[in-house]
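Below: the structure, in structure tokens.
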Amino acid sequence: MDLKKHIKIIILCLILPVIFSCVKEFKDIPDAQLNISPEFGLPIAKGNLTLSEVFKPDEDSSMFLYPGEDGILHLIFKQNIDTLEIDELMSDLMGDQLLLNDSITLPRVSNGVSISSPETYFNLHLDSILQEQQVDSLLLNSGIIEFDFKTWENYDSKFSITLPNLCDSEGENIRILDFVPTAENHKITFNLENGKLKINSSENSKGIFTVQLGYNIMGKSTDNNIHDPTISFKMFNFDINSAYGKLGGFSIDLDPIYIDLFSENPLGEQVIELDLGEPQINLLFLNQFGFPFSFEFTQIGFIKDGAFEEITGVPKSILVEAPPLGSENEFTTTVFEIDPNSNLDQLASKFPQQMVIDGQFEINPNDPNAYNFIREQDIMISRVEADIPLSFRLTQIGLDDTTSLNLSSLENLEDNLELIKLQTKIKNDFPFELDMQAYFADENYIILDSLFNEPIHILGSEFTEIPAESNIWVDKTNAQIRTLKGCKHLISNAYFYTRDSNSGEIVDFYSGQGLEIEITGFAKINF
Amino acid sequence: MKIRVALLYFLFCGLITAFSATGQDKTMYFMGIHPNGNQLNPAVQYNRSLVILSPSLSFSLANSSLTFNKMFNRGTGAADSVLFWNFDSMEKNLRNTNYIHANISNNLLFAGKKLKNGFYASFAISNKNDIYFTFPETFVDLRHGNADLANNKPRTIDLNNYSFNGIMYHEYSFGLSKSISEKLIVGAHLKLLRGNVAARTTKFLASIKTNDDFSESFLATDINVNLSAPILNTQKGDGSINFDIASLQDQMLWPYISLKNYGVAIDLGFTYELNEKINLSGSVNDVGFIRWGAKPQQLISKGEYLFDGLYFSTQNLDGFNAENYFSSYTDTISSIFLPFESDNSFKTWLFAKSYIGATYKYNTKITFSALLKSTVFYDVFLVEATVGTTYSPNKKWAFTGTWSYSNYSLYNLGLGVLFDGERYQIYAATDNLNAFDTLNSKSVNFLFGLNMFLFQSKKIDYNSRSSFLR
């Protein structure tokens, strides 16, 4: 059987051509190139910006926006300028000084002779301005009163003293009974913490510190040249909590107050013009001091590069009222309006380095006999509150910025990324416009490419409720992507300005205005 | 002696691989190969009682639309050694629904017993495997991405109507046929099925639609894949699902037995001798199902997501953390689309087939035949037709040549050869002889087989019955 002999050959002849003819082709399948370039487009981001959301008020907010009755947004700005404490104003009154340094001298008695009195009133004289300012009571945080009985050497003596002008923390008059001075014990010291000193309660008792003295003295020396029996009084180390009385009228020069503003102009050397519509800017004085005063501005303005420029429209003199007696913890509020036509906006747009306030206080300017009080915790806050309608004209502000941008990772994509596109759609309700360009630069700041083919212009809205739409494309081909992989910096230039600012038009910003941004990305990728 | 060694080697290889494919069934249908003839038509009776051990080697792979040369091309010039995917060519040749189908089965054992009164009983054990992957015409559109940059228009990413289905099961067939008359024989198989592994895609809808201005992309999935295979592991904690096929092998092995994967199917058939020259035959096979209850797993992804980009506003600009933002995005998308597991049992239908054919016995050596075959896949109804001639120069040899419309192609020439020995049959067949031109063929199938008759009774003269049966 011939076929039987050759069946193996027949089978192999059938199989082998099939196997070997296509082995190479099939072997290559895992390495087959796709050779496709799919194109993708995806939404990347959407954004919505409104000014009213940015400056949304909260409890502690010092700056926020609110819509006025006409719909125009108002920028509310509240900022404390300075807080004045009482010891800055009246350091002489509240300072550490010797308040009393006086003595009582009794008649000299010979050996074996005695004198006595159950109660004799002596008037001592207080030192310092308390007499001049007619302060009639002082509450003390601390203080010392010291009695020195200089009788123990030549006399046998016994004393009782009551001080009707001085009470301890319990409200009791300071008092000693039947004190017998000795060589070892001839001084008595009282701590006046939380004590109260009542003086100058009437015109007749002005500057008088009364001592109610009972004594019994017997001479024990035969020497005729001995000293008279003497008691000396000292009050010192006073820390006054508060004082009540008539401060009278007097002036105090204020040290100039410098408030730091802009260390440098954020816009560089550019000169811009900011022309606010009708801003309401008020100076407020919140006063806790128990005396009215006037403040005479000798200087209020800005310092720019060492040059002072005065703010116009500020009152030359202001009168600040005091809270009435019995309302010691309350503040009076005195408001002074800065003229809406003030040059404040124009000076502020120059980004000054400092604001300076200087002037002179006059205490009780209208009534030197007014009854006042001073407490160590009292303060006076000077404050500026502004209500600025967002109706303004702003000339071109240029912002130049250079940021690090390392695009070396593009090297991993350059073989596959044939084209990349970014589409940015902007709906702008605001009446401001923007010109922008950005450049990719290498480590030596040599420009490699620009972000946009040509500078873009974002339109500003011309009509309320009709946004201006801008459509911006960024296209980068594979050749550009290969160039951009050397990028190390992004240099951007942007210019903002309100619509038709060059023609002097003041534009309004409304509460409903916003900025919608929609970014879509496209890519063509080779596989 | 050398031939015996070769046959033993072939037998050894065949026992290891032990496959026979149905890709060659159109050529085999009339060749009288044991036991395939009875498998394809339960009315087929052999002219003796016999027990067959039938190792074979086969390979069958078909796709509906593409050939190697339609899928790939070589570059030109310096790139002539590089193989490229040719999507333009694929686009021209793809159909609305396309499939890749592999069917592998083998008959391990067949026993037939001729009974009194025209009955013929049979019992067979076989192993069957079907893998069926479908993909839509829009598959090649994926290469364009979701955008047409030249025209600034979006494209829809269409991932609808993909499916992967596969079953591996063992079949225990109990057959009985009867000669109703001198001319008509009818038969049936009742088949008990024992499933090993299954994958069934019941729904696969997924798309990414981008609106005209690219401001939104809408992602949607509605996917349900049933598995009876321990390949999904749900991670504790994040609930993510990993694929692990390590434990799949046990379930694929022959000794794997689970009473939870069971099924039943029937085959019905007839042969009718119209006259001495003409025989008619027909059969409907594999009408049945398997209920998969062993380690059933379902992958379900059902969700919708509208992606419109990152959203920033004055409220979230402060403290904006892109990493956290993206993380929350991916978490959200993951929670919507990542599949989750279910353990419901499910049912898969077998791919039912029907054959109807006729033979014309021109003389004792030459027989002409015609066959119409249809197959019901899940979403494709496939019709194939074959005409052929069988030449039997003597009782031991038969040669069959066929021409088929198959796989949506008229370009299918088949060839079969059978050597019928006393104790064995050796055969080879293909429906697609032109698969030798593999690079231009949509299907490849070959069958080489050996039937060893472990037992056979005295033969009845086969010439008295259907001429194409041996």
Side-chain angles (χ1 to χ4, degrees), chain A residues 1 3-8 10-12 14-15 17-19 21-56 418-419 421 423 425 475 514-525 527, chain B residues 2-3 6-7 10 68-69 71-75 79 81-87 140 142-150 152-155 157 208 210-211 213-217 307-315 317 396-397 415 417 419 421 426 428 430 435-439 444 446 448:
Chain A
M1 174 65 209
L3 278 173
K4 188 184 283 185
K5 288 180 180 176
H6 300 297
I7 189 165
K8 187 177 179 183
I10 293 171
I11 292 172
L12 289 176
L14 288 172
I15 296 173
V18 177
I19 294 174
S21 66
C22 51
V23 159
K24 181 180 186 312
E25 301 296 323
F26 288 123
K27 191 181 73 176
D28 288 345
I29 288 179
D31 298 323
Q33 303 293 307
L34 285 172
N35 196 27
I36 59 173
S37 299
E39 298 169 339
F40 299 100
L42 278 178
I44 294 178
K46 286 184 175 66
N48 195 328
L49 299 173
T50 58
L51 284 179
S52 54
E53 291 290 341
V54 173
F55 297 102
K56 205 169 186 177
E418 184 174 328
L419 174 69
K421 298 170 78 173
Q423 183 187 25
K425 297 177 186 174
D475 294 22
L515 188 70
E516 288 182 30
I517 301 174
E518 187 176 317
I519 303 172
T520 309
F522 300 89
K524 186 173 184 178
I525 302 171
F527 290 102
Chain B
K2 286 183 179 178
I3 290 177
L7 287 175
F10 188 38
F68 180 91
N69 280 339
M71 294 174 70
F72 301 98
N73 62 354
R74 290 282 173 187
S81 62
V82 180
L83 193 64
F84 292 97
W85 287 84
N86 189 343
F87 289 100
V140 290
L142 299 178
R143 75 187 192 279
H144 296 306
N146 79 323
D148 175 0
L149 296 188
N152 197 31
K153 288 182 178 176
R155 290 187 172 109
I157 300 283
I208 303 173
T210 305
N211 63 356
D213 62 357
F214 292 93
S215 60
E216 294 174 345
S217 285
F307 179 74
D308 58 354
L310 307 179
Y311 188 77
F312 62 89
S313 68
T314 44
Q315 287 95 335
L317 272 181
K396 291 189 179 298
W397 287 93
L415 181 64
V417 57
F419 175 75
I426 301 173
T430 176
F436 280 89
D437 181 12
T438 309
L439 303 182
V444 178
F446 296 105
F448 303 100

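Numbers restart at 1 for each chain; the letters A, B, ... are given by sequence-line order, proteins then strands.
- With a threshold of 4.5 angstrom between heavy atoms, B/F214 approaches chain A through its backbone and through its side chain.
- Chain B forms the most heavy-atom pairs under 4.5 Å with one residue out of A/T520, A/N35, A/I29, and that residue is A/I29.
- Between B/F307 atom CZ and A/I44 atom CD1 the span is 8.5 Å, to the nearest 0.5 Å.
- A/Q33 contributes atom CD, which lies 11.5 Å from atom CG of B/N73 (distance to the nearest 0.5 angstrom).
- Side chain of B/N146 to main chain of A/G41: a donor-acceptor pair is present (N/O by atom type, distance under 3.5 Å, no hydrogens or angles).
- Looking only at distances, a side-chain donor or acceptor of A/E39 sits under 3.5 Å from a matching main-chain atom of B/L149.
- Contact check for B/H144 versus A/I36: no side-chain heavy atoms found under the 4.5 Å cut-off.
- For the pair A/E518/B/S215, a side-chain contact is recorded, criterion being any heavy-atom separation below 4.5 Å from C-beta on.
- Considering only heavy atoms from C-beta on, A/L34 stays 4.5 Å or farther from B/F84 through its side chain.
- Atom-to-atom distance recorded for A/F40:CZ and B/I208:CD1 is 9.0 Å, nearest 0.5 angstrom.
- Closest heavy-atom contact between B/G145 and A/P38: N-CB, 3.7 Å.
- Put simply, the side chain of A/K46 gets close to the backbone of B/D308: a donor and an acceptor are under 3.5 Å apart.
- Heavy atoms closer than 4.5 Å to chain A are found in both the backbone and the side chain of B/D148.
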